[in-house]
Amino acid sequence: TLSRALLRHFDRRPELLVHLPLPADWLEQAFTHRIESRLLAHLGQCQREAQHPWTIAAREAAHLLPLWRRVFDALKCEPRFVLCLRDPRAAFVEMQITEDLSAPAAELAWIGHHLDAVLRTGGRLHVFRWESWHRDRRSYLARLESLLGADDEVQVVEQPPAPGLDEHEH
């Protein structure tokens, strides 16, 4: 993804941004401007073609919200932020395995991702339980429809992963 390309350019791993943040001037660097242009072109096309709300889902998105805010402003989008909160114990174990992190590093990364999401959205986010999708899909979709102000039923384009699997494995 473009977000991952940006992080690779600055030699950052998403799970370690809490330990090693992006450079202070990352938003003003030429590479970031090229990524921003590509995002604007791609999302502008999505916006023109979309008949329904669209989403951006990535673990690193919260850390890149200053860039996303510029993109949303340029597209005249009013974003709604949803934090899909997973049981921390399951997230810690998964991060230890998939990201090769120690238990304390996994816990700190999880806390950092969520703290960044809260701080960078000014607390204007809606929290959903990750496990809720699998327990009560109808109620979950109804909450999303209400949040999005959808006139029609929310259409699920891609199924979320099954419990125990990371979303990046699909």
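Because the structure is a prediction, the values reported are computed rather than measured. Position 1 is the first residue of the sequence, and the numbers go up from there.
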For this session: Apply side-chain contact (heavy atoms from CB on, under 4.5 Å) to the pair F92 and L101, showing each step before the final yes or no.
Result: CA-CA 9 Å; F92 298 158; L101 297 176; over 6 Å; no

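- Note that CG of L39 is 4.5 Å distant from CH2 of W68, once rounded to the nearest 0.5 Å.
- In terms of hydrophobic clustering, with Ile, Leu, Val, Met, Phe, Trp and Tyr side chains grouped at heavy-atom distances under 4.5 Å, L85 and I111 are assigned to a common cluster.
- Counting all heavy atoms, side chain and backbone alike, L75 lies closest to G44 at CD2-CA, 3.8 Å.
- Rounded to the nearest 0.5 angstrom, C84 SG and H126 NE2 are separated by 13.5 Å.
- When all heavy atoms of L40 and V71 are compared, the pair lying nearest together is CD2-O, 3.8 Å.
- Panel note: side chain E131, backbone D87; a donor-acceptor pair is recorded below 3.5 Å.
- Within 6.0 Å of NE2 on H33 lie more than 12 heavy atoms contributed by other residues, nucleotides or ligands.
- Looking only at side-chain heavy atoms (C-beta outward), R12 and P23 come within less than 4.5 Å of each other.
- Around CG of D11, the count of heavy atoms belonging to other residues, nucleotides or ligands within 6.0 Å does not exceed 12.
- Here the straight-line distance linking atom CD of Q96 with atom CD of E107 works out to 7.5 Å at 0.5 Å rounding.
- Contact of the L65 side chain with the D116 side chain is not registered, since no non-hydrogen atoms from C-beta on lie closer than 4.5 Å.
- Residues R86 and R129 form no side-chain contact, since every pair of their non-hydrogen atoms from C-beta on lies 4.5 Å or further apart.
- When all heavy atoms of T121 and R69 are compared, the closest pair comes out as CA-NH2, 3.7 Å.
- We find the CZ-CG distance between R4 and L7 to be 7.5 Å, quoted to the nearest 0.5 Å.
- You'll find the side chain of M95 stays beyond 4.5 Å of the side chain of I97, heavy atoms only.
- In the hydrophobic clustering of this structure, L115 does not group with L108; members are Ile, Leu, Val, Met, Phe, Trp, Tyr whose side-chain heavy atoms approach within less than 4.5 Å, directly or through other members.
- Both L27 and L6 are assigned to one and the same hydrophobic cluster, defined by single-linkage of ILVMFWY side chains at heavy-atom distances under 4.5 Å.
- Side chains of W26 and P66 form a contact here, defined as non-hydrogen atoms less than 4.5 Å apart.
- Taking each heavy atom of C77 and Q47 in turn, the nearest pair found is SG-NE2, 3.2 Å.
- To the nearest 0.5 angstrom, L2 atom CG is 11.5 Å from T32 atom OG1.
- Classification of the F31-H9 ring pair by plane angle, with boundaries at 30° and 60°, yields parallel.
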Exercise. Passes side-chain contact (heavy atoms from CB on, under 4.5 Å), H113 versus H63? Steps please.
Worked result: CA-CA 7 Å; H113 289 311; H63 301 285; 2.8 Å; yes

